[in-house]
Amino acid sequence: MSFVSVAFLGLVPATFLLYHATSRLAVQNVIILAASYVFYGWWDWRFLPLLVGISVVNYAAAILIAATHHEHTRKLLLFSAVAAAIIVLAIFKYFSFFVDSFMTIAQRAGLNPNLPTLRIILPLGISFITFQGIAYVVDVYRGKHVAERDLVKFLAFKAFFPQLVAGPIERASNLLDQFSKPRQFTADHADRALWLLIYGYAMKVVVADSLAVIVDTLFIPDQPFGWSVVLATIAFGIQIYADFNGYSLIAKGVALLFGFELTWNFRYPYWSVSISEFWRRWHISLSTWLRDYLYISLGGNRRGETITNRNLMLTMALGGLWHGASWTFVLWGLLHGTVLAMWRKLPGGDEPPSKIARGAGWAVTMLVVFVGWFLFRAANWNLLVGMLSALKNWEWAPVHSAVALAILSLSAPLMLLEWQLQSHGDYFLIRRPAWMRYPLFAALAAVTIAASGHVNATFIYFQF
């Protein structure tokens with residue numbers, strides 16, 4: 001069920017009325033759980049048993065780990081729980097990818113293997129569901145969180161519909177603990193939710209979906225123009241940000257309707273002056289997950305420069321593969337890992353010492369990020385090679401002026417608003433007088449509604 005679907009716009013108010021008709025915490029948790037399963041099963045109910053099964057395994061594994069005092073047994077239980085999660089993810093997302101890759105290499109070596117492949121429908125949000133479960137089990141093992149024994153509460157935490165299929169990847173210390181506390185819907189919640197929903201839908205429908213038309217038109221294997229490659233890459237960089245951040249803002253706004261506070265998943269990443277700062281601002285729940293559960297587990301920066309660089313490269317390569325079963329995603333991750341390793345050696349590192357250095361840092365960071373977006377969007381070798389071959393022709397066609405103007409008209413207001421939000425606070429607009437903020441909200445809502453009939457592109461991160 002998409003956030004921009006009629007079904008979702010019916011589910012949220014219906015759940016809201018039922019939820020706030022009672023003050024009993026246990027009943028509210030059941031309502032959230034039921035709504036979450038309706039949300040997830042709306043697309044294909046056959047995946048509901050998978051979601052329930054993953055949740056029950058996480059629930060049981062954490063209880064067993066907490067109840068066991070023998071360290072070897074605890075490690076075995078942890079390994080089994082993590083391995084089970086990864087195996088499920090690998091079967092649904094990567095089995096055919098690795099088989100196809102092996103067969104391609106074997107055929108080039110003169111062999112002709114005949115291995116079976118599985119064409120499996122990818123369950124929505126399987127990567128987010130898996131990583132959230134792994135984080136919970138590991139946190140229980142590390143003693144950072146107690147094992148939850150209320151099954152309904154835990155199932156609701158795992159299936160919480162605002163963030164179920166595209167994050168943020170919530171930690172138990174934030175989201176699960178909120179299921180144990182009384183939740184209220186106050187005037188402040190209403191104000192913040194209204195702004196987040198209006199802003200999020202505007203980013204998704206007006207900016208991301210409009211740019212999707214440009215991106216899909218220009219990202220083609222037989223692209224003849226180098227400038228089309230550049231403009232398509234810039235358009236995609238803005239599109240994926242507006243799409244994913246728009247989703248995250250909507251998720252945060254919907255959660256507020258039920259008294260829940262989700263973490264911020266984006267903090268104005270395109271204002272970053274270093275690549276490491278970018279990763280502290282972009283998809284924060286994933287970058288912190290990779291840091292806490294992969295990079296640190298590999299040794300982090302505790303074993304010298306060479307091992308640190310290896311850990312960075314491996315972490316980012318696996319982070320790239322997490323996004324999709326394609327070697328172009330691995331290249332995207334390796335690019336970021338390489339630049340992260342190189343950036344650590346620069347004077348000043350994350351904090352350039354002067355305005356000139358900050359400006360240069362921003363320019364280099366954006367260059368790396370948008371080159372990475374090219375690799376990210378070119379999801380197969382044919383498309384990648386075809387787009388790269390266009391760089392031989394730098395003719396400026398008349399269509400390029402129209403495309404550049406469209407990108408600028410969609411991205412400039414967004415970046416200007418973000419500059420204000422970053423300077424004055426995330427909710428500074430809702431602190432303005434009513435005569436100022438409500439006309440602005442109404443105008444944004446009207447533009448969003450007007451744009452919603454033209455394009456309805458799927459949220460990009462649903463595929464991950």
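Not measured: the values here are computed from a predicted model. Along the sequence shown, residues carry numbers from 1.
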Ser36 to Leu164 - nearest heavy-atom pair and separation
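Taking every non-hydrogen atom into account, O-CD2, 4.3 Å.
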Angle class for the His424/Phe428 ring planes (parallel below 30°, perpendicular above 60°, tilted otherwise)?
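Ring orientation of His424 relative to Phe428: tilted.
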Return the orientation label for the Phe260 and Phe179 ring planes: parallel under 30°, perpendicular over 60°, tilted otherwise.
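Answer is tilted, since the angle falls between 30° and 60°.
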Looking at side-chain heavy atoms only, is the closest gap between [X] and [Y] below 4.5 Å?
{"X": "Leu124", "Y": "Phe47", "answer": "no"}
{"X": "Ile407", "Y": "Leu211", "answer": "yes"}
{"X": "Leu175", "Y": "Lys158", "answer": "no"}
{"X": "Val229", "Y": "Phe225", "answer": "no"}
{"X": "Leu290", "Y": "Tyr295", "answer": "no"}
{"X": "Asp426", "Y": "Arg267", "answer": "yes"}
{"X": "Ile169", "Y": "Leu286", "answer": "yes"}
{"X": "Phe157", "Y": "Leu33", "answer": "no"}

Heavy-atom count around [X] [atom1] within 6.0 Å, excluding the residue itself: above 12?
{"X": "Trp362", "atom1": "CH2", "value": "no"}
{"X": "Trp419", "atom1": "CH2", "value": "no"}
{"X": "Met342", "atom1": "CE", "value": "no"}
{"X": "Arg46", "atom1": "CZ", "value": "no"}
{"X": "Phe79", "atom1": "CZ", "value": "no"}

Checking ring-ring contact (aromatic ring centres under 6.0 Å, His included) against Trp332, which of Phe370, Phe374, Phe376 comes through?
Phe376
So among Phe244, Phe278, Trp271, which one has a ring-ring contact (aromatic ring centres under 6.0 Å, His included) with Phe266?
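Per the ring-ring contact (aromatic ring centres under 6.0 Å, His included) rule, the option paired with Phe266 is Phe244, out of Phe244, Phe278, Trp271.
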Decide, yes or no, whether a salt bridge links Asp177 with Lys181 under the criterion of side-chain N to carboxylate O below 4.0 Å.
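Salt bridge absent between Asp177 and Lys181.
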Pair [X], [Y]: side-chain N/O donor-acceptor within cut-off below 3.5 Å:
{"X": "Thr263", "Y": "Glu170", "value": "yes"}
{"X": "Ser180", "Y": "Lys153", "value": "yes"}
{"X": "Gln163", "Y": "Tyr247", "value": "no"}

Counting the benzene-type ring for Trp, do Trp322 and Phe128 have ring centres under 6.0 Å apart?
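Yes.
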State yes or no: are the ring centers of Tyr201 and Phe3 separated by less than 6.0 Å?
no
